[in-house]
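Whatever order the structure lists them in is the order used to number ligands and atoms, beginning at 1. One is the number of the first residue; the rest follow in order along the sequence. Only a predicted model underlies this, so the values are computations on that prediction, with no experimental measurement involved.
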Amino acid sequence: MQNVKKLVNQSTVKLPKTQLFIDGKWRAAQSGKTFETNNPATGEMITKIAEAGEADIDLAARAARRAFEGGAWPGTRASERKAYLHKIAELIRTHQEELAQLEMLDAGKPIANTRAIDIPASAGAFDYYAEWADKITGETVPVDPNYFSYTLREPLGVIGAITPWNFPLCMASQKIAPALAMGNTVVLKPAEQTPLTALRLAELIAKAGVPEGVVNVLPGIGECAGAALVRHPEVDGISFTGEYRTGQEIMKNAAATLKRLHFELGGKSPNIIFADADLEAAAEFACDGIFFNQGEVCCSGSRLFVDEKIKKPFTEALLEKAKSWQPGNPANPKTGMGAIVSEDQFKKVMSYIDIGKKEGAKLLLDGRAAAKSKGYFIGPTIFDGVKNNMRLAQEEIFGPVLAQIAFKNFDAVIREANHTFYGLAAAVWTRDVQKAHRAARALKAGVVWVNCYGEFDHAMPFGGYKMSGFGREGGRYAFDFYTQVKSVWMKL
Ligand code: NAI
Ligand code: MG
């Protein structure tokens, strides 16, 4: 355990505006309500944030509608939107250190990660989707010589973006960038645990000169502000990342207006280590796959399937690698693991360690010692002897808790790996090319990593099978959600 007593000094971090960003202006909530956002490393309040209610969401949705229908945004040239998006990316990079500090403070993430991953990836989303702005095209379709038939790719309209707390700025950017590239307008409802970087992003978007009403940012509570956004008749689609139960709620609330939905709902992803794998590398990435970002990752490799033939040496290597993952002060650049985002999430993760023990799994590495300090720290935790039907193996914990399950052969492990209602990600470790390809085909998951874990790029699609969601973010696949297709028939 690193020194967590010398915790993040909040006073050195510049805070953004804490009101609602609606139609290019900063406003208090109409109800006058606020809520607190806390520093997970200390449990202390950072600041109070205006809490959007239904009336504020209504103002924002109508502003986004006006900006859309008035042509302020979809009426610009594609090359102009491209320039705006690159400008936003540039501003994120100019304010990289400040944003990295803010994300670290609000989410409990290690500063090394927010510097190296969160903020660059957010700028990267704007740069990547900027380049698509003038490259999404319709087609001419030669159906009949007496007609000129062609398709148009049009923006969907007003997008409601609802984001989680594990990658706050990344998730906001990953939704706003493709939406804007195609000429949509946006109302963003960031997670109540981590609203700060989204508010700073709103300032930067305004600074980039994006017209009023095109992007609106309204922090608020999911069940109120989030649900109001989902129900709003002026919102055409909801892009949501979060818990599957929330997805079910959103689907119900979206039914009245039959909104288009894009869901990314987490997982219980299998990471499969075959006997012929490079065990050192596999052990290293088994740790990386579950301890990175405190395990608060939708595609974390939380179910570790290990061939029983190599279980002993592999487990030794795994425990050795796990030593380098120790939670500590997120502000220290050497820290690799920060704090769990909130008290609720901390309690949830701790409860699963109890559940695992009650279910009869063997606790090989217990991260609860870290929990005795101030703030919401939990160290790397590894269970062995887990059965795939245990809650420990079936339910998303979203914390640094690994469930190791032994397997006998290829068919059995594929069957078990697929035995989950999730299907976001999977990984296989083997030196046998044929086995790797067979596994990649057989696994029911939106992404399969072979001899690596957690690789990501804006150019590669990402999304779930089964109850991990539908639709893809990344690459041109994102535009299946953010655009609609119109057929035009012209008689010649
Ligand atoms: P959540 O799904 O409740 O929160 C995600 C976003 O949805 C937040 O912005 C929240 O305000 C909003 N929201 C909540 N209820 C809503 C509703 N009825 N209508 C519209 N929007 C709503 O996730 P939560 O409660 O923060 O975390 C609980 C669990 O969810 C975690 O332990 C983890 O297992 C999972 N999770 C998965 C994520 C992923 O990346 N797939 C991200 C965050 C959490
Ligand atoms: Mg917070």
Q.
Tell me if a side-chain donor or acceptor on Asp56 pairs with a main-chain N or O of Ala29 at a distance below 3.5 Å.
A. no
Please list every donor-acceptor pair under 3.5 Å in which a side-chain atom of residues 439-463 meets a protein atom from a residue at least two apart or in another chain.
residue, atom, partner, partner atom, Å
Trp449, NE1, Glu455, O, 3.1
Asn451, OD1, Thr430, N, 3.0
Asn451, ND2, Thr430, O, 2.9
Tyr453, OH, Cys299, O, 2.7
Tyr453, OH, Gly301, N, 3.0
Asp457, OD1, Ala459, N, 2.9
His458, NE2, Ala121, O, 2.8
His458, NE2, Ala125, N, 3.2

Q. Which atoms form the tightest heavy-atom contact between Ala67 and Glu212, and what is the distance?
A. CB-O, 3.8 Å
Q | Salt-bridge present (Glu359, Arg391; N to O < 4.0 Å) | A | no
Q | Axial cation check for Phe167 ring with Lys109, 6.0 Å and 45° limits | A | yes
Q. At a 4.0 angstrom heavy-atom cut-off, what protein residues surround ligand 1?
A. Ile162, Thr163, Pro164, Trp165, Asn166, Lys189, Pro190, Ala191, Glu192, Gln193, Gly222, Glu223, Gly226, Ala227, Phe240, Thr241, Gly242, Glu243, Thr246, Glu249, Ile250, Glu264, Leu265, Gly266, Cys298, Gln345, Lys348, Glu396, Phe398
Q. Taking the six-membered ring for Trp, are Trp26 and Phe21 parallel (under 30°), tilted (30 to 60°) or perpendicular (over 60°)?
A. tilted
